[in-house]
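Nothing fancy with the numbering, it's 1 onward along the sequence. Numbering of ligands and ligand atoms starts at 1, following listing order.
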Amino acid sequence: MENPVHNFIGGKWVPSRSGKTFETRNPATGAVITQCADSNAEDMNDAVGAAHKAFESWRRLPAPRRGELLFRAAERLFHEKETLARSLTSEMGKVLVEGRGDIQEAIDMAYYMGGEGRRQFGHIAPSELPNKSAYAIREPLGVIGLITPWNFPMAIPAWKSFPALIMGNTVVLKPSPETPYTAALFVKCLEEAGIPPGVVNLVMGSAPDLGATLVKHPEVALISFTGSKVTGGKVAVDAATHYKQVALELGGKNAILVMEDADLELAVEGIVWSAFGTSGQRCTACSRLIVHREVKEKLVTRLLDRMNTLRVGNGLDPEIDVGPLINQTQVEHVHALVKVGQTEGAQLRAGGHPLTEGPHASGHFFAPTLFDNVTPSMRIAKEEIFGPVLSVLEVNNLEEAIKVNNSVEYGLSSSLYTQDVNRAQHAIRELDSGIVYINAGTIGSEVHLPFGGIKNTGNGHREAGQAALDTFSEWKSIYVDYSGRLQRAQIDTN
Ligand code: UN1
């Protein structure tokens with residue numbers, strides 16, 4: 001793509017009306033990747049206007065035809081997978097195998113939602129009155145604003161765009177200022193797939209209030225937001241004030257529970273992958289290890305051995321297991337919470353500091369960190385850290401483990417390692433989480449099941465799966481009375 005990268009509005013790549021650009025950098029090296037349009041409210045108005053204009057013809061295009069365009073998009077993404085993954089790793093930092101996974105999740109979602117073009121089933125029910133039919137169908141909402149984070153810079157725009165598009169909505173995507181380039185590459189694939197002008201629009205920018213202009217725009221029907229709890233709260237307030245629908249995906253404080261009968265080798269692999277994969281920067285990342293006291297020391301010893309083998313560095317290097325954090329602010333945030341943990345009396349058993357020497361000198365690296373003897377009331381056991389920091393909490397039995405799991409304000413993903421099917425079934429029922437794993441870590445959701453959480457993780461919506469269709473459509477109930485006479489529901493019962 002050309003440098004600077006422009007916005008994509010009404011089917012054209014156009015510079016910001018502000019005339020300004022901002023740079024996006026590689027968090028592993030500090031190198032500038034490219035300049036991107038630094039948009040203002042006028043650009044946002046243009047984009048919403050284009051989406052509004054495109055809506056009338058897009059919603060009338062038969063859903064199977066819309067689905068075919070999503071299949072084309074899947075093919076484009078598949079064709080470009082390696083290039084996109086490398087670019088994503090350069091901009092976001094996650095190691096290349098995970099970069100490929102991020103693209104694959106977008107491909108999966110394109111195929112899955114493409115198929116929904118021929119499966120937009122509604123309901124047909126018998127009417128309570130004779131010679132009257134009753135059925136319900138889905139309708140699009142209109143223009144949808146998508147505000148996406150940097151940690152899955154391709155997958156999350158895809159999670160939101162594809163269900164929105166298949167239902168007949170048009171979209172304006174406002175990606176995180178940390179990863180605008182990946183979003184632009186995503187939109188380019190959609191353009192190349194033949195998505196008509198105005199159906200997908202991209203507005204990039206670094207101004208903190210750019211998202212708010214999208215939320216407040218009168219022609220936007222729904223905001224789908226993934227990000228922090230604090231920003232999500234503001235989005236919800238703005239959306240409510242402007243009578244908008246809003247779907248929020250916010251934080252997590254996910255736990256892996258390990259019982260005394262668990263396969264510890266297996267558990268260690270799941271813990272390392274869930275806590276230190278993506279450098280802990282997933283909303284599904286495991287940041288609490290709730291372990292039965294009988295196996296705690298054994299598990300922690302094995303975990304420390306395994307952590308010692310983790311190589312931290314530039315994610316483009318195939319030898320590397322853990323990439324950088326997204327920026328220096330995040331390094332400082334993680335470091336500050338680590339210090340809080342130490343002050344509160346938790347025992348630091350590994351890491352605990354930024355990495356700043358040698359190959360780490362120009363990036364935002366943090367050592368994989370393990371805290372032991374953590375109690376549920378400590379801040380490191382309650383607050384989302386979004387970094388490679390794991391806290392070990394010891395418990396006496398499964399009931400206590402479940403209680404500790406459920407004691408936090410979030411409820412996204414929980415996992416239990418046990419060999420006992422009865423305990424597993426009991427935990428599946430009792431864990432306060434939108435996602436539960438048995439004998440697998442807390443990360444790794446698949447696109448055809450609902451994704452999301454309870455409590456402060458969200459506001460009742462789910463992404464992915466059939467549930468995403470509910471977010472991005474409205475139901476219309478239809479009654480056709482062919483009796484030729486007035487029939488009053490609830491009254492004319494004979
Ligand atoms: C996120 O961290 O915002 O289950 C999404 C997972 C991924 C998605 C994570 N499939 O970890």
Side-chain angles (χ1 to χ4, degrees), residues 85 88 92-95 97-113 146-163 173 175-176 178-179 182-183 186 224-229 231-232 235 247-256 269-288 322-323 325-326 330 384-390 410-415 433-454 456-459 461-465 467-468 471:
L88 185 153
M92 184 275 161
K94 65 176 67 176
V95 295
V97 279
E98 292 188 38
R100 293 190 188 111
D102 202 316
I103 312 301
Q104 188 59 46
E105 211 159 335
I107 296 168
D108 293 345
M109 189 60 95
Y111 277 125
Y112 176 60
M113 286 299 164
L146 311 176
I147 304 179
T148 55
W150 46 262
N151 69 333
F152 275 83
M154 181 75 61
I156 294 182
W159 282 14
K160 295 183 188 298
S161 301
F162 293 137
L173 169 62
S176 160
E178 299 293 347
T179 51
T182 308
F186 171 69
S224 174
F225 170 89
T226 299
S228 73
K229 185 184 92 168
T231 310
V235 168
L248 303 174
E249 277 300 327
L250 310 176
K253 189 68 189 173
N254 314 294
I256 292 180
E269 289 310 310
I271 294 161
V272 168
W273 172 229
S274 303
F276 306 117
T278 330
S279 309
Q281 300 173 114
R282 293 196 190 207
C283 41
T284 49
C286 170
S287 66
R288 297 180 298 153
V322 180
L325 300 192
I326 191 68
Q330 197 55 24
E384 184 171 50
I385 300 176
F386 231 63
V389 180
L390 179 64
Y410 300 110
L412 181 54
S413 180
S414 299
S415 135
S433 298
I435 306 169
V436 173
Y437 292 92
I438 302 296
N439 292 332
T442 55
I443 68 179
S445 66
E446 302 175 24
V447 301
H448 49 302
L449 263 68
F451 178 92
I454 62 170
N456 290 352
T457 291
N459 64 341
H461 289 271
R462 291 291 183 272
E463 307 212 275
T471 301

Aromatic contact, Phe162 with Phe186 (centres under 6.0 Å): yes

salt_bridge(Glu249, Lys160) N-O dist < 4.0 Å: no

Is there at least one pair of N or O atoms, one from [X] and one from ligand 1, spaced under 3.5 Å apart?
X	answer
Trp159	no
Thr226	no
Tyr437	no

Out of all atoms in ligand 1, which are within 4.0 Å of some heavy atom of [X]? Include the element for each.
X	result
Arg282	2 (O), 6 (C), 7 (C), 11 (O)
Ile156	3 (O)
Gly444	4 (O), 6 (C), 11 (O)

Identity and separation of the nearest protein heavy atom to atom 9 (C) of ligand 1: Phe152 CE1, 3.6 Å

Would you kindly specify which portion of [X] sits under 4.0 Å from ligand 1, judged on non-hydrogen atoms: side chain, backbone, both or neither?
X	value
Glu446	neither
Trp273	neither
Ile435	neither
Asn151	side chain

Non-hydrogen atom of Val447 closer than 4.0 Å to ligand 1: no

Contact with ligand 1 for Phe386, non-hydrogen, under 4.0 angstrom: no

So, does [X] use its side chain to make a donor-acceptor pair with the main chain of [Y] at under 3.5 Å?
X	Y	value
Ser228	Thr231	yes
Ser279	Leu325	no
Asp102	Ala85	no

Min side-chain heavy-atom separation Phe451-Ser413 under 4.5 Å: no

Side chains of Lys253 and Ser287 in contact at under 4.5 Å (non-hydrogen atoms): yes

Separation of Tyr437 OH from Ile256 CD1 (nearest 0.5 Å): 10.5 Å

Point-to-point distance, once rounded to the nearest 0.5 Å, from CD1 of Ile443 to CZ of Arg282: 3.5 Å

Proximity winner for atom 1 (C) of ligand 1, if only heavy atoms of Ala464, Pro149, Ser413, Cys283 are counted: Cys283

